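Worksheet: the structure to be examined is printed underneath.
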Amino acid sequence: VTPEDPVGFDQLSACFEGAVPIVIATVSGDGTPNVTYLSKAHRVDDQRVALSNQFMSKSARNLAEHPRASLLFLDPLTMDEYRVEIAYERTERRGRVFDELRRDVDALAAMTGMQDVFRLRSADVYRLDHVEVVPSRERADGRPGAPPLVPEPTIAPTMAAVAELCARLDRSGDLDTLVRVAVDGLAQLLGHEHSMLLLLDEAGERLFTLASHGYDHEGVGSEVLVGDGVVGTAARLATPVRVGNARQMAKYSRSIRASFESAGDIQPGGEVPWPGLAVADSCVAVPLRVLGNLVGVLAVESERPARYSAEDEAALLVVASVLAGAIETIRSEERDEVGAPSAPTSTAPPAPPDPDLAAPAGPTVHVRFFAVDGSTFLDGDYLIKGVAGRILWSLLRQHEQEGRTDFTNREVRLDPSLDLPDFRDNFESRLILLKRRLDERGAPLRIEKTGRGRFRLVVGTDLRLEERAPEG
Amino acid sequence: VLDATVPALIESDAGAGVVGLLTHEGEPWATRCWGVRIVAHDPLQLRLLLPAGSLARLGRRAGAADRFPLALTVADVASLRSVQVKGTAHSLEAPTDDDLARFEVHCAALLEAINTTDGYPPELMVRWPPTDVVAATLDVDAVFDQTPGPDAGARLDGGAP
């Protein structure tokens, strides 16, 4: 590219992810310029941008007096710069552009715990007048620059890849297979090496991790509050959240927070910890919804800035839609089985000998269960809590008292000690959570599926069970 | 009377400088600047380095006798603490050896600071600074706090808001 080449907004796509703050120059009515940084600009269409900066009061006054501005974008992948001349066109306080901008602002607010500070009041829309490219290392007249920089390639989300992943999900026969196929397929087919799938809990207040891919620890059972961070914000707003500048957002919010704290306007508070990668710079979180109801969140993340495009977000939405439908179908079948005539448990297939766990071996494991919240520890190490912890405790007691190893979902879910809600319980997903958590921990206990609605508890060592009742 | 931290930020090696100036047609125009130095404290006068290629395409070249309004914001890349100065730019000229030495020092330090805080690799960032610069002098009329937040725009030099 040269400064004379025609440039459109398509070439600036990485610049709109906010990885590098944008420079905005304006001029007052008396001809005095002003220059400051914008955290992000929002592309409206091929000819328009919308600005939402919360604190550019002088720029706003200048634009009221002289409705033209000069923006300077830096491409974080190539270091090419783009000087964009714009002219004010209109202000929107509702509609698509306003909603899209508000989504960005709400995400920033939620991620930084400053919902009272960041609040979009209007979206100012500007018309593109001219774009001038300032190629990296070619800024001097007539000087040859460095060879063009080729950005690190990424896998574009083709329709064929999305279709293949959806087909794999459709072929998954149970929840355990479904979630594994989902996160593995995101890596194999769409190039998302770091992903996580979280489901909404029974109270609708937390999301718990059911599966992940690409992390040192799978993090099964880890929780995020609805409303916290990118994942929690996607759940609270029931809308996709795409971030390409997590580190910039953190710096920006720290600066804003420090200013407000010094003014005594809000109380000091911690930042919401980023899930997954320690240095993730990009993330997309999309809600799993069925008929308007939130089921969970699917999230991918990367250490690269501006890693994800609108196409990546759209592809994930398609996958999330299929995934949510499949999860809800599995749950519906589960609920239907509860209402069906009872089948004798004796019809469960006999347990085949397990080569690894046929005979208990190894030291006795101390299982400690706290009834107050279902938290369960193996030899003092935390395993799981909540409904999944109560399920495990119910199974272990029956195993100890009656020697049982084979169970049906139906009978276990009717155990009142599980404290399941009457409506829309998460039994199947909690059971899979328990299974995956035991596998992740390499525990001397396993849960194996033995048929539709049936499973087996495999105990590979002697156990000593201890229940801690609530005090008082 | 400026707080001592303000001149320190203006000249900081970890400070990223951006400039807004007027075109001959009276329109705002954004660019970056490098290697800012304080030439005099009272009244405040700065020397700054601007991308020669971009400025030439704007019709402003070394040796030109024009004077034009210019705003400069310097932001610390780690904390985003920022200060904006406004005044009149003049004396566009080819950079001296001292200017070029200051330019090299500033580029190296700034790129290292960005690598530390934002993670951008040096081999990528090295493409960012311009290959040629032109020096300008700025006679400062006003100094403002530009740190993001509710105090952005406050005068730091005791002048009227």
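The model shown is predicted, which means the values in this text are computed figures rather than measured ones. Residue numbers start from 1 in every chain, and the chains themselves are labelled A, B, ... in the order their sequence lines are given, proteins ahead of strands.
B:Ser82 contributes no side-chain N or O that, together with a main-chain N or O of B:Ala75, makes up a donor-acceptor pair within less than 3.5 Å.
Of the residues considered (A:Leu71, A:Asn34, A:Thr32), A:Asn34 shows the highest number of contacts with chain B, using heavy-atom pairs under 4.5 Å. For the options B:Leu70, B:Leu21, B:Leu55, B:Val19, heavy-atom pairs under 4.5 Å to chain A are most numerous at B:Val19. Counting heavy-atom pairs closer than 4.5 Å to chain B, the top residue among A:Ala19, A:Pro76, A:Ala69 is A:Pro76.
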Under the side-chain hydrogen bond (donor to acceptor under 3.5 Å, both in side chains) criterion, do A:Glu303 and A:His194 qualify, and how do the steps go?
CA-CA 10 Å; A:Glu303 296 174 346; A:His194 305 286; 5.7 Å; no
Mind running side-chain hydrogen bond (donor to acceptor under 3.5 Å, both in side chains) on A:Thr91 and A:Asp124 for me, showing each step along the way?
CA-CA 4 Å; A:Thr91 295; A:Asp124 293 332; 2.8 Å; yes
Decide side-chain contact (heavy atoms from CB on, under 4.5 Å) for B:Arg81 and B:Thr5; before the verdict, give the C-alpha distance in whole Å, the side-chain angles of both, and the deciding distance to 0.1 Å.
CA-CA 11 Å; B:Arg81 180 170 174 251; B:Thr5 60; 2.8 Å; yes
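Identified by a heavy-atom distance below 4.5 Å to chain B, the contributing residues of residues 83-90 of chain A are A:Arg83, A:Glu85, in residue-number order.
With respect to B:Arg127 and A:Asp75, no salt bridge is recorded, no charged nitrogen being found less than 4.0 Å from a carboxylate O.
Scanning for ring-ring contact (aromatic ring centres under 6.0 Å, His included) contacts around B:Phe68 gives an empty result, with sequence neighbours left out.
Side-chain contact between B:Trp128 and B:Tyr120 is absent, with no heavy atoms from C-beta onward closer than 4.5 Å. Considering only heavy atoms from C-beta on, A:Val35 comes within 4.5 Å of A:Val23 through its side chain.
In this structure, the portion of A:Pro305 lying under 4.5 Å from any heavy atom of chain B is its side chain and not its backbone. Looking at B:Thr117, the atoms closer than 4.5 Å to chain A (heavy atoms on both sides) sit in the backbone and in the side chain alike. Heavy atoms closer than 4.5 Å to chain A are found in both the backbone and the side chain of B:Ala16.
Side-chain contact check for B:Asp145 and B:Thr147: at least one donor-acceptor pair (N or O, by modelled atom type) lies under 3.5 Å.
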